[in-house]
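Worksheet: the structure to be examined is printed underneath.
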2 protein chains.
Amino acid sequence: MTRGAITHTVPRPQRADARRNRERVLAAAEAVFSEAGLKAQVDEVARRAGVGVGTVCRNFPTKQALIEAVLTSMYVSLLDQAEAALVTADPAAAFEQFVLALSEFQARHRAFAEQMANEPVLPETAHALRDALTSAIARLVTGAQSAGTVRADIGPADVAILFSGVAHATAVAGDLQPALRERYVRLILDGLRPAVASQLPGAPLDFAQLRCIKNAKLRKAR
Amino acid sequence: MTRGAITHTVPRPQRADARRNRERVLAAAEAVFSEAGLKAQVDEVARRAGVGVGTVCRNFPTKQALIEAVLTSMYVSLLDQAEAALVTADPAAAFEQFVLALSEFQARHRAFAEQMANEPVLPETAHALRDALTSAIARLVTGAQSAGTVRADIGPADVAILFSGVAHATAVAGDLQPALRERYVRLILDGLRPAVASQLPGAPLDFAQLRCIKNAKLRKAR
DNA sequence: CTACAATCGGAAGCATGGTTCCGCTTCGGC
DNA sequence: GCCGAAGCGGAACCATGCTTCCGATTGTAG
């Protein structure tokens, strides 16, 4: 708006140091949010980046925007891992590999775990990413199911929910005890096997349904 | 202090309406914290109780104190359930019954779930309670283990961690879908059975160890 | 080298939510 | 009924943490 001609025709070449600072802020934010979760304060990010708060807020006009930027980059890197797993020949191994990677990722990136567990705080930009990730997970799950290491009566979103539970539960005690985390991941993998498979209430949950449920909840809260 | 003679010899008989108000506040707090978690605001508690904030703060000088009072009463009521389960003849059934009750309890009392998951926020008054509860859980677990429905390589605190994970994971989506919660509880029960029992890293975790780990974490954070 | 505009730092501003205080009301013994 | 004190409500106060603003600084085109 307001005489916008220049604003949107010229891609405005940023000053070099400004670009460098932006990167620093992003890196600091990633580190800080990973350690302390989304409740970490903007000042701390600024301090860690070695800049003033003003600089943080100029690049990311709001804390929310900063969070979105960080989360987006986390989504990218997790998607990489999912795709890395997908190229494995053995679908059972692929699933297990991804699940371990996921839990380790959540342990390392607390902010990501919170995002995955709570109401989505994602910009529209990231929707494509999220879809790619959910579809990759769905493929990993069905692969493991046809390989016979995962029972048939669960859906991809069931897996996401279960492991985000593990992430949260071990966040309390587990940061210092990575073994503990793997312990619970393996236990849940055991629960996912077809062998025992007692009757579960409900039906396999996919991501579309999960989103519906979350939306319903949001609507109710409002 | 300050001419304390009267203060501690006379048990100062509270006025009737004051006592009634205190109860109202406590009830309102329990309801509000259960629905919204510990982040719920004091004003909301006051409104729900039909009193002014001043009244809340006179009875519970700080939000923390209010939380402690509410949590203590929740501990009592959960302990009841654990003891109810313990009198069941079949230890396998007792364990399952308690675990379902626990997850339902956590779903209904969000504040309690948060407390159980995060750093302890308990007054010393509640330590005896907590010990009673952990010992009841320990008995339920070992009972189920000798009955053969729970694998030997897990400890009581493992169970607590796993189910607090479920509580958290389903808090997002599960409030509206109680079936979903039971779904995951049953799945974890499957994982806990001796049948499949793949090798788990780490050792069975008991509550004393868990407390150590949490303390270590607290110390580090400071 | 100079000048100008982009960028910076961090102090001041604002919003949110807990805690305190005080004039008014109500209880309950007489 | 009357009166002193306990209790009440909620506005004012304070702490915390995000956002804005502006004088000082620094990069860069000419």
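Heavy-atom basis, side chains included; hydrogens, waters and symmetry copies ignored. As the structure is a prediction and not an experimental result, all values here were calculated from the model.
Every side chain to side chain contact (heavy atoms under 4.5 Å, CB included) that B/Leu200 has, sequence neighbours left out, goes to A/Arg183, A/Arg186, A/Leu187, B/Arg151, B/Asp153, B/Ile154. In this view, A/Ala107 and A/Arg181 satisfy the side chain to side chain contact (heavy atoms under 4.5 Å, CB included) rule, not counting sequence neighbours. Take B/Ala18 and apply the side chain to side chain contact (heavy atoms under 4.5 Å, CB included) test, not counting sequence neighbours, and it matches B/Gln14, B/Arg15. B/Arg19 is linked by a salt bridge (charged side-chain N to carboxylate O under 4.0 Å, His left out) to nothing, counting only residues two or more places apart in sequence or in another chain. Residues satisfying the salt bridge (charged side-chain N to carboxylate O under 4.0 Å, His left out) test with B/Arg20, not counting sequence neighbours, are none. Listed by chain and number, the residues in a side chain to side chain donor-acceptor pair (under 3.5 Å) with B/Ser34 are B/His109 (sequence neighbours excluded).
Applying the ring pair (Phe, Tyr, Trp, His ring centres under 6.0 Å) definition to pairs two or more places apart or across chains, those involving residues 56-75 of chain A are A/Tyr75-A/Phe112. Residue pairs meeting the salt bridge (charged side-chain N to carboxylate O under 4.0 Å, His left out) criterion with at least one member in residues 25-42 of chain A, sequence neighbours excluded, are A/Glu35-A/Arg48. The side-chain hydrogen bond (donor to acceptor under 3.5 Å, both in side chains) contacts involving residues 50-63 of chain A comprise nothing, where partners must be two or more places apart or lie in separate chains.
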Any N/O pairs under 3.5 Å between the protein and nucleotides 1-3 of chain D? List them or say none.
none

Pairs under 3.5 Å (N/O, protein and nucleotides 16-23 of chain D):
from   : atom 1 : to      : atom 2 : distance (Å)
D/dG17 : OP1    : A/Gln41 : OE1    : 3.1
D/dG17 : OP2    : A/Gln41 : OE1    : 3.2
D/dG17 : O5'    : A/Gln41 : OE1    : 3.4
D/dC18 : OP1    : A/Lys63 : NZ     : 2.9
D/dC18 : OP2    : A/Val42 : N      : 3.1
D/dT19 : OP1    : A/Thr62 : OG1    : 2.3
D/dT19 : OP2    : A/Lys63 : N      : 2.7

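Between A/Phe33 and A/Glu114, the closest side-chain pair of non-hydrogen atoms is not below 4.5 Å.
Rounded to whole Å, the distance from CD on B/Gln14 to C1' on D/dG7 is 10 Å.
Scanning residues 15-36 of chain B for heavy-atom distances under 4.0 Å to DNA chain C yields B/Arg15, B/Ala16, B/Asp17.
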